[in-house]
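As structure tokens, the structure follows; a few thoughts come after it.
Reminder, nothing fancy here: chain letters follow the sequence lines and each chain counts from 1. Below, each value reflects all heavy atoms present in this structure, side chains not excepted, and no hydrogens, waters or symmetry copies.
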Amino acid sequence: MTTVARHVAVRRSRFSAGQAVRLIVLIAGLLLVLYPLAWVIGSSFKSDAEIASNISVLPTEFTPSHYTAGWNSFDVSFTRFFINSTVIALLTVVANGVSCLIAAYAFARLRFPARGFFFAIMIGTLLLPGDVLIIPQYIVFNTLGWIDTPLLPLIVPKALATEAFFVFLMVQFMRGIPRDLDEAATIDGCSPYGVFWHVILPLSRPALVTTAIFSFIWTWNDFFTQLVYLNELEDYTVPIALRLFIDSTGQSSLGAMFAMSVLSLVPVFLFFVAFQRMLVEGINTSGLKG
Amino acid sequence: MHPATHPENALSARSHRTPGYGRVLRGLAATAVALPLIFGAAACGNDDGGSSDPNAPVELSVFWWGDDSRAETTKKVLAAYHDAHPNVTFVSTFQGNQGYLDKLSTQAAGGNAPDIFQLDDNMLSELAERKVTLDLTPYVEDKSLDLTKFPESLAKYGVVEEKQAGVALAENTPGLIYNKTKLAELGVAEPATGITWEAFIAWAKDVSTKSGGRLPGTMDPSADYKALWVWLRQQGKEFYNGKELGFTAEDLTAWFELWKGARDSGATPTADVIHEGNSSDASKQLVVTGKAATSWVWSNQLSALSKSTKDQLGLMAYPGDPKGQWARASMYWSGSAKTKHPDVVADVINYFVNDAAAAKTLGIERGITPNLDLRKEVEATLTDVNQKTSLTFETEITPKFGAAPTPPPKGHAAVRTLLVTIAETVQYGKATPAQAAQDFITQAKSKLA
Amino acid sequence: MALTTASAQVVPEHPGRRSPAARKRRGSGSGRHREGVAGYVFLSPWLLGLMGITAIPMLLSLYLSFTDYSVFSTWEDVEWIGLENYVTMFTNDPSFVRSVLVTLVYALVMVPLKLAAALAVALLLNRAWRGVGLFRGLFYLPSLLGGSVALALVWSALFAGDGAVNEFLSFFGITGKAWVNDPDYALGTLIILGIWQFGAPMVIFLAGLKQVPVELYEAASVDGASPWRQFWHVTMPMLSPVLFFNLVLETIRGFQSFTSAFVISNGNGGPVDSTLLYTLYLYKRGFTEFDMGYASALAWVFLLAIGILTVVLFSTGRFWVHYADGEDR
């Protein structure tokens with residue numbers, strides 16, 4: 001038994017009353033937090049005639065048909081939209097993870113001319129509201145001839161660490177890694193590249209996992225960028241498809257929209273639960289004792 | 001902020017005198033802007049040769065907003081056109097209306113506007129005045145794009161600055177939709193087209209009273225530009241006079257007063273419920289959510305709204321003389337000014353509005369068939385009773401229409417949302433009708449400048 | 001791995017103080033040169049992205065902010081109008097003033113509460129126990145809903161005059177308002193929505209808590225420190241870089257909030273401009289009124305204002321953020 005496990009075991013027996021309180025607090029919190037989602041699920045089972053007028057959680061008559069009808073609403077079924085979303089999200093995860101980690105290592109650990117200047121610029125790119133960049137960016141991608149290949153404008157920017165949020169996130173995490181580890185490695189003869197590979201990379205798992213989770217979820221939910229660059233129905237992703245149900249000037253299929261919204265939560269939820277597992281075992285118990 | 005009407009030449013002159021900073025930025029931006037132009041020009045090099053041969057392959061991009069049923073019919077018509085003209089192929093894109101304009105504008109700004117795209121009268125002038133749309137006038141004049149079977153006002157309602165900027169895909173008229181079932185339960189007679197505004201408000205009050213206040217008689221349309229527009233025309237005014245407002249603060253005060261009276265008398269719901277109804281979403285209309293007996297919508301929405309409620313709905317014109325109405329385009333097809341194949345674009349649009357098979361395929365999902373000759377043929381194919389009601393309504397009101405105004409000018413989108421905000425200040429009691437009207441006029445002027 | 005086992009014993013006793021080895025290494029000239037080269041090697045993808053993808057659009061938008069550019073203008077029609085957009089904003093635009101006030105209230109109330117909620121839940125869900133993953137997932141669920149259409153419909157249904165919130169309040173004999181449809185309360189419902197979606201900072205806190213060496217807690221326990229003391233003297237200092245990150249980023253994102261207000265108010269910022277957040281106003285000017293030049297000016301004013309705020313946050317960070325790498329920046 002490691003010291004950690006023993007430590008936890010001791011604590012558990014000592015604070016069992018505290019544990020119970022904690023559980024009650026958590027469950028009460030959950031009920032509060034999940035009520036709106038229960039409402040979405042409830043609404044996905046309401047008939048179209050009921051959905052606008054009945055705003056309670058439960059449907060008066062249970063209508064499961066939105067799930068099948070919604071799935072096949074368009075010439076291309078939701079299977080395709082889910083695949084498209086998954087592909088784009090996974091590519092983004094990889095692109096963001098690699099590129100932001102590399103950039104963050106430079107900012108957090110290496111001393112080079114104009115580091116402070118570039119760091120300020122990096123933070124600066126976070127500050128400008130994105131709406132005014134949509135058109136200029138489109139013009140740039142158009143100039144590069146990328147418009148006809150939607151994956152390029154969607155993925156290449158991520159592979160070039162343009163998501164400053166993640167660079168900054170990783171910088172902050174790396175700065176939490178004791179520098180003495182680098183020193184020890186350097187004394188052992190490691191170059192900056194070696195330090196990155198042997199010290200920083202293994203210890204950056206929490207930051208990488210966090211980045212993966214956010215990259216996946218935010219890409220999954222991103223409507224606007226995908227809307228601008230995807231033109232063919234076969235290329236559409238889930239968020240674009242969900243908005244096809246809504247036509248404010250004509251017929252909206254709200255029931256189908258709710259049903260597909262519920263289903264669209266499933267993959268991201270599973271992705272989250274799978275990846276957060278890596279946050280459970282922190283670096284202290286596994287990362288260093290290899 | 002249109003360059004032509006720009007008052008502040010002094011400012012721009014001063015900026016030209018400042019060297020350095022501004023010039024560097026300008027140069028930089030100019031380079032970035034010029035790049036696509038250069039690339040674009042290179043790509044367009046061989047156009048002229050292509051268009052002279054009628055059988056040369058042509059690919060057109062088509063873009064619209066709408067749901068799956070609209071996509072299905074539109075694609076079917078495009079496919080039929082392709083069968084008749086095998087050299088013409090289409091790349092069609094459709095999406096929900098949220099984000100439609102954003103994508104269209106982004107593409108247009110990048111010099112990539114689709115060859116054919118769908119618009120409505122809220123944005124037609126916005127694009128036409130900035131020369132994004134193709135001028136279809138020559139094709140209309142030589143009848144290769146034939147609008148002679150259209151109601152005259154409908155054809156004219158696509159003309160901006162003397163150019164045919166859009167061709168109506170369907171016709172539409174503002175319509176009041178009321179809850180037949182609930183009215184029958186309450187024992188209140190259904191209202192009918194031609195009722196005066198005052199009589200209508202009195203009728204609505206009666207509904208409220210008889211329901212014990214549970215069902216207010218009508219939504220308050222004072223934030224709704226189309227209701228205000230019809231009312232103004234009945235007073236001999238217009239919403240717009242060219243590029244300016246066609247009415248005064250006094251007119252607007254009277255309009256706000258009219259509805260303030262209605263609210264105070266209980267004919268309408270309270271301000272917070274009215275706010276829900278001010279959303280343009282069909283599913284939030286109060287007649288559907290059961291929070292009012294009447295909603296101010298469009299004549300072709302009867303079928304869509306009926307699907308969101310179990311009650312039976314009825315349709316009538318907005319109050320007052322139907323002369324205040326005109327044949328409006330619910331949606332247009334417009335071409336891109338940058339298209340390489342303007343002739344084909346015009347021909348495709350012509351096919352959509354004048355071909356009998358196409359008209360039957362399209363049905364009245366976008367609105368009533370614009371071609372009067374084809375309207376009867378389309379009517380025979382309709383099975384949905386609500387769609388039939390919409391079409392009958394349109395047929396009956398068409399002869400009573402007044403002359404068409406010009407489509408709303410550039411800046412209308414801003415004025416329209418401004419009206420919602422300002423009217424709500426009155427509804428919530430945060431401003432008097434007179435104050436609000438004055439605010440509206442002042443702010444609207446700057447939006448239209 | 002000899003390397004990592006050896007170094008694992010080196011736990012900094014005083015976070016914030018530089019080790020002797022670090023001080024010594026600073027002097028070495030050739031190592032410094034090698035490090036500088038490596039720095040640019042590692043930075044090169046980011047630099048390429050900056051030059052190729054980020055910088056040009058940003059500078060273009062800066063240029064456009066001095067013009068009367070409208071989305072649909074042809075480039076030849078774009079006219080340089082100098083500072084006019086900026087002058088108008090500060091002298092003759094009530095909506096601008098309104099949106100600044102709305103955003104200030106929104107961000108200043110929402111961000112601290114959201115961070116507090118995220119930290120509290122993260123602390124409760126930090127330790128490993130059976131089912132903790134599910135709990136984390138469930139608490140994250142609201143954030144998964146993002147800014148979807150479904151979200152807008154839920155919120156208006158819950159906070160409408162006849163919605164679930166008022167039904168709940170009526171158990172206690174309270175008659176609620178029409179929250180989401182009342183200009184005095186609509187912003188409040190948006191703030192609640194912002195807090196409700198506390199998943200992102202929660203995950204970052206969780207990841208940060210994992211970085212706190214367990215040895216520190218053990219040492220503190222041996223010294224007999226209470227859990228409360230441990231929180232303030234071990235957890236908080238060690239968590240401070242991550243807390244700092246969350247504070248900076250959530251502040252920026254709070255001021256940039258757009259989607260929820262957009263979907264709930266149908267893009268209008270209503271009722272009566274009560275939810276007209278700054279970026280929503282910017283979007284309205286840019287994409288529904290097509291004044292992209294003016295919208296760009298709004299964006300650059302925003303960048304300046306938030307930039308100043310960020311600098312202030314960074315300078316306060318010197319006093320309370322402790323980096324294990326020994327550099328206080």
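Neither the backbone nor the side chain of C:Leu304 comes within contact range of chain A; no heavy atoms are under 4.5 Å apart. When heavy atoms are compared at a cutoff of 4.5 Å, C:Thr279 approaches chain A by way of both its backbone and its side chain. Only the side chain of A:Ser261 has a heavy atom closer than 4.5 Å to any heavy atom of chain C. With a threshold of 4.5 angstrom between heavy atoms, A:Val140 approaches chain C through side-chain atoms but not through N, CA, C or O. Looking at C:Phe255, neither its backbone nor its side chain comes within 4.5 Å of chain A, counting heavy atoms on both sides. Interface residue C:Val248: only side-chain heavy atoms are found under 4.5 Å from chain A. C:Ile204 touches chain A through backbone and side chain together, each having a heavy atom under 4.5 Å away. Proximity to chain C involves both the backbone and the side chain of A:Ser191, based on heavy atoms less than 4.5 angstrom apart. Looking at C:Ile192, there are no atoms closer than 4.5 Å to chain A (heavy atoms on both sides), in backbone or side chain. With a 4.5 Å cut-off on non-hydrogen atoms, C:Asp162 touches chain A through its backbone and its side chain both.
Contact count against chain C (heavy-atom pairs under 4.5 Å) is highest for A:Trp218 among A:Tyr138, A:Phe224, A:Phe223, A:Trp218.
A:Trp220 and A:Phe271 have their aromatic ring centers separated by at least 6.0 angstrom. You'll find the ring centres of A:Phe258 and A:Phe245 outside the 6.0 Å limit. In summary, the aromatic rings of A:Phe165 and C:Phe245 are positioned with their centroids under 6.0 Å apart.
From A:Thr210, atom OG1 reaches atom CG of C:Leu206 across 8.5 Å, with rounding to the nearest 0.5 Å. For the atom pair OG1 (C:Thr310) and CD1 (C:Ile252), the distance works out to 4.5 Å, reported to the nearest 0.5 Å.
The environment of CZ in C:Phe168 is sparse: at most 12 heavy-atom neighbours from other residues, nucleotides or ligands sit within 6.0 Å.
For C:Tyr323 and A:Gln172, the side-chain atoms include at least one donor-acceptor pair closer than 3.5 Å.
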